[in-house]
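Below: the structure, in C-alpha cells.
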Amino acid sequence: MGKIIIAIDGYSSCGKSTLAKQLAKALGYIYVDTGAMYRAVAYYANQHGFFDKNALSVLKLLEALPKINITFSFNPQLNKSETCLNGENIEQYIRTIEISNQVSKIAQIKEVREKMVDLQRAMGEQKGLVMDGRDIGSVVFPKAELKLFMTASPEIRAKRRYDELIAKGDKVSFEEVLTNITLRDNDDTTRSENPLIKADDAVVIDNSNLTQDEQYQLALKLAKDCIAQK
Ligand code: DC
C-alpha cells in the first residue's frame with residue numbers, strides 16, 4: 001500500500017503532537033514535531049546569550065545559524081523521538097515557559113524558517129510521515145495527501161498546557177500560560193514569514209468538545225481512507 005504524508009497544523013497547545021504521535025504509531029509512520037525544531041533554535045539562542053531579556057539579537061543568530069544542527073533520536077524506553085541540538089539531547093529543556101516566550105521571535109526569522117523547511121522536506125522524501133506545526137500543509141508539503149487543521153478555544157488550550165507544566169513541577173500560573181498562548185496565537189497568525197493559515201484543502205478539527213479518543217478515531221479514519229485511495 002502507498003505511503004502518504006499527513007500534515008497537521010494549528011494553534012499552540014491544540015493537541016497536535018498527541019494526535020500526530022497516535023497516527024504515526026497506528027500507521028507505522030515517522031513523527032516529526034517541527035515546533036521542537038524552532039524550540040531547539042530558541043534554546044541555542046538562549047544558551048549563547050542572544051536574548052537580552054526577551055529582545056533577540058538577530059544578527060548574532062544569523063551568524064550562528066550554519067552551526068546549528070538539529071536531529072531527532074529515538075528513545076526506546078519512552079517510545080518517542082527526542083530533540084537533539086548539535087548531538088546533545090535537549091528535549092527536557094525546550095518546553096519551559098522561558099523558551100515558549102522566546103520561540104516566537106525565532107520563528108519569525110526568514111533564514112531560520114528556510115533552514116527548518118529544507119530539513120523538514122528532506123525528512124519527507126520517503127513519505128510515511130506525520131508532521132505537525134504551523135506551515136506544514138501550506139508551505140512545507142503543499143501536496144500532502146492529508147492535511148488536518150486543529151483548533152480549540154484559548155482557555156481550553158491554556159488549561160491543558162497549564163496541567164502539563166504543573167505535572168512536570170514547573171511553577172507557573174494559569175494566567176501566565178493563557179497570556180503566552182494568546183501572544184503566540186497572535187505572533188503565529190500575523191508574522192510575515194509563513195504565518196499560520198489553514199490550507200484550502202485541510203480538514204478542520206475543533207477539539208474543544210472532543211475527547212482525545214474521539215479526535216483520534218476521526219483522524220485515523222480520514223488517514224485510512226486517504227491511504228486506501230493511493
Ligand atoms: O508547536 P510548538 O508550540 O512547540 O511550537 C513552538 C513555536 O514554533 C511556536 O511559537 C510556533 C512556532 N512554529 C512555527 O512557526 N512553525 C512550525 N512549523 C512549528 C512551530
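Counting starts at 1 for both ligands and their atoms, following the listed order. This structure is a prediction, so every number in the text was calculated from the model and none was measured.
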R113 vs D135 side-chain heavy atoms within contact, under 4.5 Å: yes

Atom 1 (O) of ligand 1: closest protein heavy atom, distance to 0.1 Å, is R134 NH1, 3.0 Å

In this structure, atom 4 (O) of ligand 1 is nearest to the protein heavy atom R39 NE, 2.7 Å

shortest atom 11 (C) of ligand 1-to-protein heavy-atom contact is with D188 OD1, 3.3 Å

For ligand 1, indicate whether the residue E193 contacts it via side chain, backbone, both or neither (heavy-atom separation under 4.0 Å). neither

For T34, the atoms of ligand 1 under 4.0 Å from one of its heavy atoms are 17 (C), 18 (N), 19 (C)

Can you tell whether the side chains of D188 and R134 come within less than 4.0 Å, N to carboxylate O? yes

Atom 15 (O) of ligand 1: which protein heavy atom is closest, and how many Å away? R113 NH1, 2.8 Å

Side-chain contact test, heavy atoms from C-beta onward, threshold under 4.5 Å: evaluate it for N46 versus E98 and give yes or no. yes

Short N/O distance, under 3.5 Å, between Q120 and ligand 1? no

Do any N/O atoms on Y38 end up under 3.5 angstrom from N/O atoms on ligand 1? no

Enumerate the atoms of ligand 1 whose separation from the nearest heavy atom of S104 is less than 4.0 angstrom. 10 (O)

Quick one: does Y38's side chain get under 4.5 Å of Y43's, heavy atoms only? no

Would you please determine whether M116 falls within less than 4.0 Å of ligand 1 on a heavy-atom basis? no

Considering non-hydrogen atoms of the protein only, which is the closest contact for atom 3 (O) of ligand 1, and what is the distance? R184 NH1, 2.8 Å

The reported gap from OH in Y216 to NZ in K21 (rounded to nearest 0.5 angstrom) is 14.0 Å

Which of the numbered atoms in ligand 1 are under 4.0 angstrom from any heavy atom belonging to A107? 12 (C), 15 (O)

Side chains of F50 and V58: does their closest heavy-atom pair fall under 4.5 Å? no

Side chain of E176, backbone of S173: donor and acceptor closer than 3.5 Å? yes

Candidates T18, L220, L222 - the one meeting side-chain contact (heavy atoms from CB on, under 4.5 Å) with L23: L220

Any N or O on R161 sitting closer than 3.5 Å to an N or O of ligand 1? no

With heavy atoms of G133 as the reference, note each atom of ligand 1 found under 4.0 Å away. 17 (C), 18 (N), 19 (C)

Once you restrict to heavy atoms under 4.0 Å, what part of L196 touches ligand 1? Side chain, backbone, both or neither. neither

Between Q108 and K105, is there a donor-acceptor pair closer than 3.5 Å when you use the side chain of the first and the backbone of the second? no

Is a salt bridge present between K147 and D132, judged by a nitrogen-to-oxygen distance below 4.0 Å? no

